[in-house]
Visitor: 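Handing you this structure, nothing more for now.
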Amino acid sequence: MDLGYAGRVAVVTGGTSGIGLETARILIEEGARVAVCGRDEARLEAARARLAEVRGEDALLAARCDVLDKAAVAAFAEAVAVWGGGVLDLLVNNAGQGRVSTFASTSDDDWRAELDLKFFSQILPIRALRPLLDRAEAPAIVGVNSLLAYQPEPHMVCTSAARAGVQSLLKSLAAELAPRIRVNSIVLGLVDSGQWQRRFEARADRAVDRETWYGDLARSKGIPLVRLGRPEEPARAVVFLGSPAASYITGASLEVSGGVSRFI
Ligand code: NDP
């Protein structure tokens, strides 16, 4: 199946690590030109080097941008406009991270920060890049979200609530932006990326090795496929939903979780 990415332009926020980096890599492999952003300069440099290996520097723009900083997002959109020829075919809103906290341990400021991150990492890039999307032939937005939106966990209380709100936002946008722009999401279970690597590195028992720690994690979470996902697995789902091959799909959500959901 031809996904139809040849000559298209895509943006992947948080495209410097994990799922975002793999999404950018596959999009470039498929023939797209891809702009990625992140905050950390070292991560950005490493991603630039890795992605340039796929089809050279011309297929790539790597820029520093915090997606919660309105001025920085505007500057990034301007850079994308110049580099991409004034058109954007796909926006992947992927930047972010989860917050582990119960209701008792989440302060009011934590709540505000989490709601800000989850909502505005969607809102600001969509607002800033919408004029470029409007100029594309068959534009699409894909939001990277979590299964916590539908299956909340008490130990991630504010992340779960914010995730549910983001699903609502994306569903509304699918209607408001139709028929011009398709809007879809993926909802993730546990994917082995920067976030989990950091939690592994901060593990209480330093004697536990990586394989054991990840194996125990998969079993404790009851994942039917008995492992965490690899970043390229959700990335492939993003690439499909964002492609012209998914032309009749909008307002949809694709679960990529190894089967861990317990609802129908
Ligand atoms: P990583 O930590 O590997 O990657 C996160 C990326 O987002 C990095 O490139 C990071 O770069 C960037 N980022 C974070 N905050 C910002 C910001 N404010 N502005 C710009 N870039 C930012 O994590 P994953 O690949 O796992 O995560 C991708 C998405 O999937 C995230 O939204 C995450 O919450 C979500 N998710 C992941 C799950 C998992 O199990 N891995 C489960 C459910 C959801 P930098 O820090 O340099 O800015």
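Whatever order the structure lists ligands and atoms in, that order sets their numbers, starting from 1.
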Visitor: When you measure from atom 30 (O) of ligand 1 to every protein heavy atom, which one gives the shortest distance, and what is it?
Guide: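 Sorting protein heavy atoms by distance from atom 30 (O) of ligand 1 puts V144 CG1, 3.4 Å first.
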Visitor: What is the closest protein heavy atom to atom 19 (N) of ligand 1, and at what distance does it sit?
Guide: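 Going atom by atom, the protein heavy atom closest to atom 19 (N) of ligand 1 ends up being V67 N, 3.0 Å.
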Visitor: Do any nitrogen or oxygen atoms of W196 come within less than 3.5 Å of a nitrogen or oxygen of ligand 1?
Guide: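 The answer is yes, given that W196 and ligand 1 share an N or O pair closer than 3.5 Å.
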Visitor: Using heavy-atom distances, let me know which of Q195, E41, Q97 sits nearest atom 33 (C) of ligand 1.
Guide: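 Closest candidate by heavy-atom distance is Q195.
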Visitor: Using a cut-off of 6.0 Å, state whether more than 12 heavy atoms not belonging to F263 lie near its atom CZ.
Guide: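 More than 12 within 6.0 Å, yes.
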Visitor: Do we get R210 above W213's six-membered ring, with its NZ or CZ under 6.0 Å from the centre and within 45° of the axis?
Guide: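 Relative to the ring axis of W213, which defines the angle, R210 lies outside at least one limit.
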Visitor: Could a heavy atom of Q197 be found less than 4.0 Å from some atom of ligand 1?
Guide: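 Flag not set, Q197 not near ligand 1.
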Visitor: Specify the protein heavy atom at minimum distance from atom 9 (O) of ligand 1: its residue, its atom name, and the distance to 0.1 Å.
Guide: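 Answer, as residue, atom name and distance: T16 OG1, 2.6 Å.
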Visitor: With respect to L188, determine whether any N or O atom, backbone or side chain, lies less than 3.5 Å from an N or O atom of ligand 1.
Guide: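 L188 vs ligand 1: no N/O contact under 3.5 Å.
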Visitor: For atom 3 (O) of ligand 1, which protein heavy atom lies nearest, and how many Å away is it?
Guide: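 The closest heavy atom on the protein side is S17 OG, 2.6 Å.
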Visitor: Check whether any N or O atom of G14, backbone or side chain, sits under 3.5 Å from an N or O atom of ligand 1, and answer yes or no.
Guide: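 N/O-N/O distance under 3.5 Å: yes.
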Visitor: Would you indicate whether the side-chain heavy atoms of C37 and V67 approach each other to under 4.5 Å?
Guide: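 Result yes, sub-4.5 Å side-chain heavy-atom pair found.
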Visitor: With a 4.0 Å heavy-atom cut-off (strictly under), which part of R163 contacts ligand 1: side chain, backbone, both or neither?
Guide: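 For R163, only side-chain atoms sit under 4.0 Å from ligand 1.
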Visitor: Calculate, to the nearest 0.5 Å, the distance between atoms CG and CG belonging to L254 and N145 respectively.
Guide: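 Going from the CG atom of L254 to the CG atom of N145 covers 12.5 Å.
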Visitor: Is any NZ, NE, NH1 or NH2 atom of the basic residue among E233 and R227 found under 4.0 Å from an Asp or Glu carboxylate oxygen of the other?
Guide: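 Result for this pair is yes, salt bridge flagged.
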Visitor: Give me the residue, atom name and distance of the protein heavy atom closest to atom 18 (N) of ligand 1.
Guide: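 Closest protein heavy atom to atom 18 (N) of ligand 1: D66 OD1, 2.9 Å.
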Visitor: Given T159, which of E153, E114, R99, Q97 fulfils the side chain to side chain donor-acceptor pair (under 3.5 Å) condition?
Guide: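 The side chain to side chain donor-acceptor pair (under 3.5 Å) with T159 is passed solely by E114 among E153, E114, R99, Q97.
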Visitor: Cut-off 3.5 Å, no hydrogens considered: what does the side-chain donor-acceptor table look like for residues 69-83, sequence neighbours left out?
Guide:
from: D69; atom 1: OD1; to: A71; atom 2: N; distance (Å): 3.1
from: D69; atom 1: OD1; to: A72; atom 2: N; distance (Å): 3.1

Visitor: Among protein heavy atoms, which sits nearest to atom 20 (C) of ligand 1, and what does the distance come to when rounded to 0.1 Å?
Guide: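 Result for atom 20 (C) of ligand 1: C65 O, 3.2 Å.
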Visitor: Would you call R55 and E30 a salt bridge, using N to O less than 4.0 angstrom?
Guide: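 Result for this pair is no, no salt bridge flagged.
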Visitor: Out of curiosity, is A47 lining ligand 1, as in a heavy atom under 4.0 Å away?
Guide: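 A47: no contact with ligand 1 (<4.0 Å).
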Visitor: Do any nitrogen or oxygen atoms of L117 lie less than 3.5 angstrom from nitrogen or oxygen atoms of ligand 1?
Guide: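 No - when backbone and side-chain N and O of L117 are compared with those of ligand 1, no distance drops under 3.5 Å.
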Visitor: Compare G98, S146, G189 and give the one whose heavy atom is closest to atom 42 (C) of ligand 1.
Guide: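 Going through G98, S146, G189 one by one, G189 has the nearest heavy atom to atom 42 (C) of ligand 1.
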Visitor: Do E201 and R198 meet the salt-bridge criterion of a basic N to acidic O distance under 4.0 Å?
Guide: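 E201 and R198: not salt-bridged.
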Visitor: Which of the listed options, D192, V187, V191, holds the heavy atom that is closest to atom 39 (C) of ligand 1?
Guide: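 Residue with the shortest heavy-atom distance to the ligand atom: V191.
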Visitor: Checking contacts here: is it the side chain or the backbone of R43 that comes within 4.0 Å of ligand 1, counting heavy atoms only? Could be both or neither.
Guide: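 The side chain, only.
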Visitor: Can a non-hydrogen atom of T13 be found less than 4.0 Å from any atom of ligand 1?
Guide: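 Contact check T13 vs ligand 1: negative.
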Visitor: Counting heavy atoms only, which of G20, A95, S193 comes nearest to atom 24 (P) of ligand 1?
Guide: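 Looking at heavy atoms only, S193 sits closest to atom 24 (P) of ligand 1.
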Visitor: Quick one: does P231 get within less than 4.0 Å of ligand 1, heavy atoms only?
Guide: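 No, P231 has no heavy atom closer than 4.0 Å to ligand 1.
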Visitor: Note the single closest protein heavy atom to atom 28 (C) of ligand 1, along with its residue, its atom name and the distance in Å.
Guide: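 Checking every protein heavy atom, the shortest distance to atom 28 (C) of ligand 1 gives N94 OD1, 3.1 Å.
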Visitor: With a cut-off of 6.0 Å (strictly less than), are more than 12 heavy atoms of other residues, nucleotides or ligands near CD of E137?
Guide: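 No.
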Visitor: Identify, for atom 2 (O) of ligand 1, the protein heavy atom at the shortest distance, and state residue, atom and that distance.
Guide: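 Here the nearest protein heavy atom works out to R198 NH2, 3.1 Å.
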Visitor: What closest approach, in Å, do E232 and I26 show between heavy atoms, and which atom pair accounts for it?
Guide: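 Smallest heavy-atom distance, with atoms named: O-CD1, 4.1 Å.
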Visitor: From atom 13 (N) of ligand 1, work out which of G15, G38, G96 has a heavy atom at the shortest distance.
Guide: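 Residue with the shortest heavy-atom distance to the ligand atom: G96.
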